[in-house]
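Down below is the structure, laid out as structure tokens.
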Amino acid sequence: MIAGRYTLEREIGRGGMGAVWLGRDEMLGRPVALKRLGAVPGQDPDDRERAERAEREARLAARLSHPHVVAVYDLVEEDGQQYLVMEHVDGTNLSGYLRAEGPLSPDRAAQLLGQAAEALAAAHEAGIVHRDVKPSNMLVTADGQVKLSDFGIARAETDPSLTQTGLVTGSPAYLAPEVASGATATARSDVWSLGASLFHALAGHPPYEVSDNVLGALYRIVHEEPPRVDEPGWLGPLLRATMCRDPEQRWDMATVRDVLLQGPGAAEPLPALPSGDDTRSMEEIAPLNTGVQPTVIPAPSSASPPASAGGASQRRRRGALAPVALGAALLVVLVVIAFAVGQGRDPGDEAPTAAGTSPGPTSSSPTEDPSPTQGPTAEDIEEFAADYVRTAAADPDAGYAMLTPAYQRESGRLRGYTGFWGSVREVSDFTMEGADPGAGTATYTYTYTRAGSGTVTETIELTLQEQPDGGFLISGARRI
């Protein structure tokens, strides 16, 4: 009997902060979960530190009365050992769920991760940064309800604790780049971690292989462009907007929540996506991570493919990665030491099955005319644009083949592309507005009828990439 009230039945989990037991509240006659707070294996923190961390988790969790947050009922002590008494969630964590189910469809992943985003948005509104968002801290019930747990390393924004230089808390595979480089976690860091968890749900494995090579994983997180899921469907733009190296360009959690819960028919227009691959070093980015919300401006909807009713705006050509600065390298080493001594591997995470190391999608800029005197004419560009619209409306698969490979990825691959064009019933009017051979752009206005949307008229500017054989592929588009 614990504190004269709680009986322990069996151990049901174990993590970096201690063992979790299924118990029973004999006074109220209900099942509870009791986290027996102890030292992380290989460490010996003093009793005061352990007590302060337990009290912090209890305080922060108690501030969040939310249906998707595991409720904390009590903090008790028995024989010098502390126990955190919590709501018992009958189910498994998202890591176990993914092991059993494999990669999820975009709709199913959004349904589950949207609930976690609801909880995190509420936490951020209350001034709480979770700092350890990952699938093993998302509990899933048999009926598909998700509860966010383990606020053990969370902190209020005004709490000066846990900010020592080089001390990083969280799980390496889901860490935001600025946190991996030694900066203090903010709400935008939680956004990255939720995006990394969404990556795991869609791909079936974490975005970074950690295993025993923590240093290598942290180096990739800090210095390389984020990996991307091959077939993200309509969630592609959201992944780019969460797993973005520059925290200032990430969406805030409320926006992530809204897009996930609204589904593929999310209200248009979506907030601006990251403007392109960031070429600044983390030494430049990390000091900017202040939690200030970016200005949200309208952008074309991700539900439509780039060359039709909107799509993503043209991206800059990928720049060279910034050189690795000595100071940043030393910070990464300090981070690894902090993990080895202060955090350790998370026992709740399964070993990754594969590493997602493919580079992120980009849009290519139009190539320069290789022959200034023999370049494409305005008539050539206009003819291609008109042919593209006719082709896409009649045969979406053929229209998809008229996009560059990079832009096919941005369009959500074939499934995302045909999700729009396959529902277009008729293009009733098409008018060329002009073409600019120097810029490689074509502008047109067209009217189409789409199932469920009625008749729509839009003006689109295509960006074209000239091919060696003299033809074109579409590398970008924007609604005007």
Side-chain angles (χ1 to χ4, degrees), residues 1-97 115-116 119 122-123 126 128 130-143 145-156 159 161-162 169 343-344 346-349:
M1 183 76 69
I2 305 298
R5 176 172 178 174
Y6 306 104
T7 56
L8 298 181
E9 296 183 6
R10 57 186 172 87
E11 184 175 321
I12 56 176
R14 182 176 293 271
M17 296 302 297
V20 180
W21 287 70
L22 173 63
R24 180 175 177 80
D25 182 343
E26 300 296 346
M27 182 176 294
L28 297 180
R30 64 180 177 183
V32 293
L34 293 94
K35 180 186 292 187
R36 187 173 61 191
L37 301 169
V40 177
Q43 301 179 52
D44 187 22
D46 57 41
D47 293 339
R48 179 178 178 183
E49 178 184 353
R50 187 165 60 245
E52 288 175 349
R53 179 162 290 191
E55 291 168 7
R56 178 168 53 248
E57 177 171 1
R59 271 198 320 273
L60 292 175
R63 284 169 53 180
L64 292 174
S65 177
H66 192 277
H68 296 301
V69 174
V70 175
V72 171
Y73 299 143
D74 204 354
L75 178 65
V76 298
E77 183 174 329
E78 183 75 20
D79 297 330
Q81 175 69 59
Q82 284 187 312
Y83 292 85
L84 194 63
V85 185
M86 303 173 293
E87 170 189 9
H88 174 243
V89 180
D90 188 11
T92 184
N93 61 39
L94 185 58
S95 289
Y97 183 88
Q115 297 177 61
I128 298 170
H130 189 282
R131 297 166 59 101
D132 197 20
V133 177
K134 57 186 178 181
S136 62
N137 278 339
M138 300 174 193
L139 307 181
V140 185
T141 67
D143 61 353
Q145 294 298 303
V146 173
K147 300 239 181 195
L148 186 64
S149 70
D150 205 350
F151 281 78
I153 61 173
R155 69 172 182 87
D159 184 356
S161 62
L162 295 177
T169 49
Q343 180 69 13
D346 173 24
D349 282 337

Partner residues of [X] under the side-chain contact (heavy atoms from CB on, under 4.5 Å) criterion, sequence neighbours left out:
{"X": "Ala71", "answer": "Tyr73, Glu87"}
{"X": "Asp79", "answer": "none"}
{"X": "Asp74", "answer": "Tyr6, Val76, Val85"}
{"X": "Glu9", "answer": "Leu22, Arg24"}

Side chains of [X] and [Y]: does their closest heavy-atom pair fall under 4.5 Å?
{"X": "Thr7", "Y": "Ile2", "value": "no"}
{"X": "Leu64", "Y": "Ile128", "value": "yes"}
{"X": "Asp132", "Y": "Asn137", "value": "yes"}
{"X": "Arg5", "Y": "Met27", "value": "yes"}
{"X": "Lys35", "Y": "Asp150", "value": "yes"}
{"X": "Val72", "Y": "Leu84", "value": "yes"}
{"X": "Met1", "Y": "Glu26", "value": "yes"}
{"X": "Tyr83", "Y": "Glu77", "value": "no"}

For the pair His130 and Leu148, evaluate side chain to side chain contact (heavy atoms under 4.5 Å, CB included) and give the outcome as yes or no after the intermediate values. CA-CA 10 Å; His130 189 282; Leu148 186 64; 3.8 Å; yes

In terms of heavy-atom contacts, Ser95 and Ser136 come closest through OG-N, 3.3 Å

Correct closest heavy-atom pair for Lys147 and Pro67 would be NZ-O, 3.0 Å

If you measure from [atom1] on [X] to [atom2] on [Y], what distance do you get to the nearest 0.5 Å?
{"X": "Lys134", "Y": "Met138", "atom1": "NZ", "atom2": "CE", "value": "10.5 Å"}
{"X": "Leu139", "Y": "Met86", "atom1": "CG", "atom2": "CE", "value": "8.5 Å"}
{"X": "Leu34", "Y": "Gln82", "atom1": "CG", "atom2": "CD", "value": "12.5 Å"}

Holding to side-chain hydrogen bond (donor to acceptor under 3.5 Å, both in side chains), I want the full list of residues that pass it with Arg30, two or more places apart in sequence or in another chain. none

Any residue meeting side-chain hydrogen bond (donor to acceptor under 3.5 Å, both in side chains) with Glu11, in chain and number order, not counting sequence neighbours: Arg14

Under the side chain to side chain contact (heavy atoms under 4.5 Å, CB included) criterion, do Thr141 and Val89 qualify, and how do the steps go? CA-CA 7 Å; Thr141 67; Val89 180; 3.6 Å; yes

Going through the distances and angles, do Asn93 and Val140 end up as a side chain to side chain contact (heavy atoms under 4.5 Å, CB included)? CA-CA 5 Å; Asn93 61 39; Val140 185; over 6 Å; no

Would you please name every residue forming a ring-ring contact (aromatic ring centres under 6.0 Å, His included) with His88, sequence neighbours left out? none

Is the backbone of Val146 close enough, under 3.5 Å, to the side chain of His68 for a donor and an acceptor to pair up by distance? yes

